[in-house]
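Computed from a predicted structure; not experimentally measured.
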Amino acid sequence: MTILTAVGEGDHSQAVAPTAYDLAEAYDEDLLAIHVIPQEDFDEHKQALNSIPDFNQISINQKEQSGADIARKVINESLDEYDRNRVETRGRVGNPADKILAEADHVEPRFIVLGSKRRTPVGKAIFGSTTQQVLLEAEHPVVTTVSD
């Protein structure tokens, strides 16, 4: 099995990665860290690049590789020492919650580990939450870390 974690570029990922890695070590599992680039961010980036003369189009595969690079950077910055053979990184493009859930369906993780920012109930209701959607829809156990 695998421990699946979703990491971003925010401060809350600094707590998520160590928690996910600790679980991977405790259960002698591999850690899969993914970073999801929202579809609208990809579309805006693609449109900006297409305005440059003689620039070839950027593909989703290239953007997913960028996401994997971001996940690797977060892991490297969050963990002092770790077994690189235990950790894999991937990038995805699309709706973050949907992509996390799809990855979970694909890899069948022991746990999904996510970070969450402390928000008021009204803030959650108005703005929604990737973590909240994954908690409600995941078919696997979800561990969350909370940061301010």
Side-chain angles (χ1 to χ4, degrees), residues 1-49 58-148:
M1 294 187 98
T2 299
I3 305 297
L4 172 64
T5 188
V7 296
E9 297 178 272
D11 292 338
H12 65 278
S13 288
Q14 299 301 320
V16 173
T19 300
Y21 188 76
D22 288 347
L23 284 169
E25 280 192 311
Y27 288 97
D28 195 26
E29 304 284 2
D30 289 334
L31 174 62
L32 172 57
I34 66 169
H35 175 76
V36 181
I37 297 170
Q39 184 68 47
E40 56 272 11
D41 290 355
F42 170 73
D43 292 341
E44 287 175 19
H45 188 219
K46 184 176 179 179
Q47 185 177 11
L49 291 175
I58 187 168
S59 70
I60 286 184
N61 288 342
Q62 290 169 310
K63 204 61 174 173
E64 286 184 341
Q65 183 56 51
S66 293
D69 293 342
I70 291 168
R72 188 172 304 103
K73 180 181 177 200
V74 169
I75 293 295
N76 288 335
E77 290 175 355
S78 302
L79 303 176
D80 292 330
E81 292 183 25
Y82 67 96
D83 179 357
R84 294 187 191 305
N85 295 322
R86 184 183 296 273
V87 179
E88 178 183 354
T89 60
R90 293 183 190 165
R92 296 290 180 255
V93 174
N95 174 284
D98 291 345
K99 292 299 180 176
I100 294 165
L101 291 166
E103 198 70 32
D105 287 344
H106 178 71
V107 300
E108 297 289 325
R110 180 181 293 264
F111 295 106
I112 301 169
V113 183
L114 302 172
S116 180
K117 296 176 188 171
R118 195 174 307 273
R119 296 195 325 202
T120 66
V122 172
K124 289 178 186 174
I126 293 173
F127 299 109
S129 165
T130 297
T131 302
Q132 184 176 352
Q133 184 179 345
V134 173
L135 280 166
L136 294 172
E137 296 180 22
E139 295 180 7
H140 303 87
V142 179
V143 175
T144 60
T145 62
V146 179
S147 64
D148 290 322

- Note on the structure: Taking every heavy atom of A104 against every heavy atom of I112, the minimum-distance pair comes out as CB-CD1, 3.7 Å

- What closest approach, in Å, do L114 and A6 show between heavy atoms, and which atom pair accounts for it? CD2-CB, 3.6 Å

- Task: Test side-chain contact (heavy atoms from CB on, under 4.5 Å) on L32 and H106 and set out the steps.
- Result: CA-CA 12 Å; L32 172 57; H106 178 71; over 6 Å; no

- Listed partners of D80 passing salt bridge (charged side-chain N to carboxylate O under 4.0 Å, His left out), at least two apart: none

- By ring-ring contact (aromatic ring centres under 6.0 Å, His included), which residues pair with Y21, not counting sequence neighbours? none

- Message: Nearest 0.5 angstrom please: E108 CD to M1 CE, how far?
- Response: 7.0 Å

- For the pair H140 and D105, evaluate side-chain contact (heavy atoms from CB on, under 4.5 Å) and give the outcome as yes or no after the intermediate values. CA-CA 9 Å; H140 303 87; D105 287 344; 4.2 Å; yes

- Task: Heavy atoms only: give me the nearest G8-V74 pair and the separation to one decimal.
- Result: O-CG2, 3.2 Å

- Item | Closest contact, heavy atoms only, T89 versus A68 | OG1-O, 3.4 Å

- Query: Going from CD on Q39 to CZ on R92, what distance comes out if it is rounded to the nearest 0.5 angstrom?
  - Reply: 13.5 Å

- What's the shortest heavy-atom distance between L79 and P18, and which atoms? CD2-CA, 3.5 Å

- Query: So, the side chain of T5 versus the backbone of V113: is there a donor-acceptor pair under 3.5 Å, distance only?
  - Reply: yes

What side-chain donor-acceptor pairs closer than 3.5 Å can you find for residues 93-101, not counting sequence neighbours?
from	atom 1	to	atom 2	distance (Å)
N95	OD1	A97	N	3.1
N95	OD1	D98	N	2.9
D98	OD1	Q133	NE2	3.2

- Message: Does any part of the side chain of E9, heavy atoms only, come nearer than 4.5 Å to the side chain of H35, both counted from C-beta?
- Response: yes

- Query: Where the side chain of T2 meets the backbone of L4, is there a donor-acceptor pair that is under 3.5 Å apart?
  - Reply: no

- I would like to know whether I34 and E88 meet side-chain contact (heavy atoms from CB on, under 4.5 Å); could you show each step before the answer? CA-CA 8 Å; I34 66 169; E88 178 183 354; over 6 Å; no

- Test log, rule side-chain hydrogen bond (donor to acceptor under 3.5 Å, both in side chains), inputs N61 and Q65: CA-CA 6 Å; N61 288 342; Q65 183 56 51; over 6 Å; no

- Item | 4.5 Å side-chain heavy-atom contact, Y82 and N76 | yes

- Message: Can you tell me how far apart NZ (K73) and CD1 (I70) are? Round to the nearest 0.5 Å.
- Response: 8.0 Å

- Query: Do the charged groups of D30 and R110 touch, with an N to O distance under 4.0 Å?
  - Reply: no

- Note on the structure: The reported gap from CD in Q132 to CD in E137 (rounded to nearest 0.5 angstrom) is 10.0 Å

